[in-house]
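Here's the structure, in structure tokens; my notes come after.
Residue numbers start from 1 in every chain, and the chains themselves are labelled A, B, ... in the order their sequence lines are given, proteins ahead of strands. Hydrogens, waters and symmetry mates are skipped; everything else that's a heavy atom, side chains included, is used.
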Amino acid sequence: MARTRAPERTLLPSDEPLSLLRKDGTPVDDSPLAMPDDDVLVELHRRMVLGRRFDTQATALTKQGRLAVYPSSRGQEACEVGAVLALRPDDWLFPTYRDSVALVTRGVDPAETLTLLQGGWHLGYDPYEHRVGPQCTPLATNTLHAVGFAHAARLKGEDTAALVMLGDGATSEGDTHEALNFAGVWRPPVVFLVQNNGYAISVPLSKQNAAPSLAHKGIGYGVPSVLVDGNDVAAVYAAVREAVESGGPTLIEALTYRIEAHTNADDATRYRTSDEVAAWLDRDPVDRLEAYLVSRGLLDHARRAAVAAEAEELAASVRAKLNVDVVPSPDELFEHVYATTPRHLREQAAALREELA
Amino acid sequence: MTAVSAQASQATQVSMAGALNRALGDALAADPTVLVFGEDVGALGGVFRVTDGLAARFGEQRVFDTPLAESGIVGTAIGMAMNGLRPVVEMQFDAFAYPAFEQITSHLAKLRNRTRGRVSLPVVIRVPYGGGIGGVEHHCDSSEAYYTHTPGLRVVTPGTPDDAYRLLRDSIDSPDPVIFLEPKRRYWAKGALDPATSVGFDRALVRRPGRDVTLIAYGPMVATALETAEAAVEEGWDVEVVDLRSLSPFDDETVCASVVKTGRAVVVHEASGFGGYGAEVVARVTERCFHHLHAPVLRVTGFDIPYPPPKLEEHHLPGVDRILDAIARLQWDDEVVGSYGA
């Protein structure tokens, strides 16, 4: 059989993660990625600081019993913020449960972002308002939603890309395979961003994957693949922006690390060493960008203080909104199961009302 | 009837597969957001030819083949529906739909509820189901209980060509996801088709009125139940046949009205009985009509075994004799019924 289609861009990812900023914040001279504009870099910094503060506040609220669970993305701010700010206004985001900072960056009200984890309802925001799908709890299933959504956009003649976030563990799921294959065949504008944070709960990547990198998985599907330094927000931004504007599918592996445990219910000391965590703390994405911005004269004490104050305001607002007892109405149990509530559910709702009367 | 009118009446006869094809074609023509896709639905027209000619008529943007991947078909349909389209997808055979189960149960069925009504998923999943065609393993499952157990899904199945057209058009118009179960052994059965009539999406239908006992059937068993009713005349039993059409939601009203009238009921389906859909029907009828019942409500179902090989399927599938035996066990002989109950 002859090949049906020449790949539009190179399929093979680089051996080393692409980056724009070194660990110490000095710029990489010969990167194939385009350094974002100064104002974008300043905004990336602000959003990472806000995101980190939001994340630590949510973790604290979990310890106080205000959230049922919280999967922290501390350490992954470059991915969460860089990818989302690279989206254009009409593009869509399909996040997972760990991507609350991405949602906040996209403009979703921070308290509404936490509705799911608070246990108030399964979703706190309107997906159409911010073009953000529901946070997906099953792994990899959202990859197919993103492919379908982007394909529909193309059928409708709209210039809308879909960015789907997934973790390293999710690349083992069958749906990732099916989604990459559909994306390779249909070629819709969809970006798969794999945040490889090293562990699927406790299972390390070495027990998850035998390919040279997770980005290599795109090759077999004809999906152009990119490996980036996931702690370099400029690189993540540039790679996602390029992928979004390519008009076709892209698989991006962002190499990063989850500083906290999987969730508050997890004991990470059982499966990883403090030396390993310390090594990654040394590659902090916020520190790295700050070093670069300072060297460029784009960040001074006043600016830093202003961003820190904004972060404290955000945390205070989240605390205030979450430090209330939410009691959803039992009537809501029977709503929105179907477009029109069928008789058997109306009967059950009436029975519950009577029981509670 | 003159020769000419007999010919004309024959011309209006259509197979169930033909009725479904016409429903898809009419829906595609009526609404530009309707899409038909799945494996082999394009050039081939589906392995049962239900999508025959649609790709040529509506183009590859509207009717297209997908990679062979059931989860992918349903998962992408969900994304497309979120983006304003109305996908009608095909699972080639009942047991081949299982890889899509997670997408169906965790997302398709729940997204409206999870998003408090903000996301509507008008997706139809067509599943050729059931046995009786000599298919080898994994081609003959009756999987309705898996789907009816999942809140958020509508599950429907036509028993006649006419109803196949109507139910499919209603399913495509539905704002909620629909599992559309096609009784594949009836694909080639012919009947009259009147596209204009409407009986209501959620309603069961009395296919044959009777006084003595209600046969409750759906999909492939509707024809078998009607055949049984004719055979029962010889025994002196006047059998009423109710075609459920909509398995979920369930039409208590029509079913209970019939059982209250007859006082006796038998539920028939091909699927295994244990934990099966018939158990739900029996429970509902018993809870609502107990004081009108003269006998226990019985089930005639497939055995509690994996679907058998083709050369043994006739023993597994409910037929006229087995249903007549069940009716006999209900009949007016309190001792027989009593000993069974004890």
Side-chain angles (χ1 to χ4, degrees), chain A residues 92 94 115-116 121-129 133-138 140-156 158 160 162 164 173-175 177-186 188 190 332-345 347, chain B residues 32-33 35 37 61-62 64-85 87 99-100 102-103 105-123 151-154 174-177 201-202 246 248-253 284:
Chain A
W92 269 70
F94 288 84
T115 303
L116 166 74
W121 249 104
H122 301 312
L123 189 79
Y125 55 92
D126 182 342
Y128 291 98
E129 187 184 346
Q135 283 179 283
C136 198
T137 312
T141 50
N142 59 342
T143 56
L144 286 162
H145 305 165
V147 170
F149 197 97
H151 186 60
R154 173 161 287 178
L155 288 175
K156 297 196 308 184
E158 295 166 354
T160 304
V164 58
E173 293 277 7
D175 275 358
H177 162 82
E178 295 195 14
L180 283 166
N181 190 47
F182 272 66
V185 175
W186 288 351
V190 62
E332 288 185 53
L333 290 170
F334 304 95
E335 290 172 8
H336 309 300
V337 181
Y338 297 90
T340 307
T341 305
R343 190 166 83 170
H344 71 283
L345 289 185
E347 288 171 358
Chain B
T33 66
L35 300 179
F37 59 94
Q61 304 271 303
R62 307 280 310 279
F64 50 91
D65 287 323
T66 64
L68 199 173
E70 289 76 12
S71 186
I73 291 167
V74 176
T76 54
I78 289 169
M80 291 187 217
M82 281 183 74
N83 203 355
L85 301 181
E102 182 184 16
Q103 288 289 351
T105 54
S106 291
H107 298 298
L108 186 66
K110 290 180 184 166
L111 262 169
R112 175 184 295 283
N113 187 250
R114 282 164 58 199
T115 63
R116 316 302 300 130
R118 286 147 173 159
V119 171
S120 186
L121 295 179
V123 175
L153 298 178
R154 285 173 173 272
S174 166
D176 290 312
F201 195 22
D202 296 342
S246 171
S248 177
F250 180 81
D251 178 4
D252 293 277
E253 212 175 309
R284 297 187 83 81

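For I73(B), the parts lying near chain A are the backbone and the side chain together; criterion is any non-hydrogen pair under 4.5 Å. At a 4.5 Å heavy-atom cutoff, A179(A) makes no contact with chain B through either its backbone or its side chain. Both the backbone and the side chain of A153(A) come within contact range of chain B, each with at least one heavy atom under 4.5 Å from a heavy atom of that chain. In this structure, the portions of Y338(A) lying under 4.5 Å from any heavy atom of chain B include both its backbone and its side chain. With a 4.5 angstrom heavy-atom cutoff, A69(B) touches chain A via backbone and side-chain atoms both. For F250(B), no part lies under 4.5 angstrom from a heavy atom of chain A. Only the side chain of E347(A) comes within less than 4.5 Å of a heavy atom of chain B; its backbone N, CA, C and O stay farther away. Heavy-atom distances place the side chain of Q103(B), and not its backbone, under 4.5 Å from chain A. For chain B, no part of E129(A) is nearby; none of its heavy atoms comes within less than 4.5 Å. Contact of R62(B) with chain A is not made at all, since no heavy-atom distance falls under 4.5 Å.
Checked against the 6.0 Å centroid threshold, H151(A) and F37(B) do not count as a close aromatic pair.
Rounding to the nearest 0.5 angstrom, the gap separating the OG1 atom in T76(B) from the CG atom in D175(A) is 10.5 Å. Taken from OG in S248(B) to NE2 in H344(A), the straight-line distance is 6.0 Å, to the nearest 0.5 Å.
The heavy-atom pair separating N181(A) from P67(B) by the smallest distance is ND2-CB, 3.6 Å. The shortest heavy-atom contact between L144(A) and G72(B) is CD2-CA, 3.5 Å. Closest approach of D176(B) to T340(A), counting heavy atoms only: OD2-N, 4.5 Å. Looking at every heavy atom in both residues, E102(B) comes nearest to P138(A) through OE2-CB, 3.2 Å. Minimum interatomic distance between R114(B) and P134(A) (heavy atoms only, all atoms of both residues): NH2-CB, 4.1 Å. Counting all heavy atoms, side chain and backbone alike, D65(B) lies closest to W186(A) at O-NE1, 4.4 Å.
Each of L123(A), D126(A), T143(A) has some count of heavy-atom pairs under 4.5 Å with chain B, and the biggest count is that of D126(A). Across S106(B), G152(B), G117(B), the residue that shares the most heavy-atom pairs under 4.5 angstrom with chain A is G152(B).
Between E335(A) and N113(B), the side chains place no donor N or O within less than 3.5 Å of an acceptor N or O (distance only, hydrogens not considered).
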request  = Decide side chain to side chain contact (heavy atoms under 4.5 Å, CB included) for L155(A) and L85(B); before the verdict, give the C-alpha distance in whole Å, the side-chain angles of both, and the deciding distance to 0.1 Å.
outcome  = CA-CA 10 Å; L155(A) 288 175; L85(B) 301 181; 4.1 Å; yes
task = For T141(A) and H107(B), run side chain to side chain contact (heavy atoms under 4.5 Å, CB included): C-alpha distance rounded to whole Å, both residues' side-chain angles, the deciding distance at 0.1 Å, then the answer.
result = CA-CA 9 Å; T141(A) 50; H107(B) 298 298; 2.7 Å; yes
task = Determine, step by step, whether W121(A) and R116(B) satisfy the side chain to side chain contact (heavy atoms under 4.5 Å, CB included) criterion, reporting the C-alpha distance in whole Å, the side-chain angles of both residues, the deciding distance to 0.1 Å, and the verdict.
result = CA-CA 8 Å; W121(A) 249 104; R116(B) 316 302 300 130; 3.5 Å; yes
message = Please determine whether side chain to side chain contact (heavy atoms under 4.5 Å, CB included) holds for the pair M82(B) and Y128(A), giving the CA-CA distance in whole Å, both sets of side-chain angles, and the decisive distance to 0.1 Å.
response = CA-CA 9 Å; M82(B) 281 183 74; Y128(A) 291 98; 4.1 Å; yes
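Looking only at distances, a side-chain donor or acceptor of K156(A) sits under 3.5 Å from a matching main-chain atom of N83(B). Judged purely by atom type and a 3.5 angstrom limit, R118(B) uses its side chain to pair as donor or acceptor with the backbone of Y125(A).
By the 4.5 Å heavy-atom criterion applied to side chains, M80(B) and H145(A) are not counted as neighbours. D252(B) has its side chain within reach of R343(A): a pair of non-hydrogen atoms, C-beta onward, lies under 4.5 Å apart.
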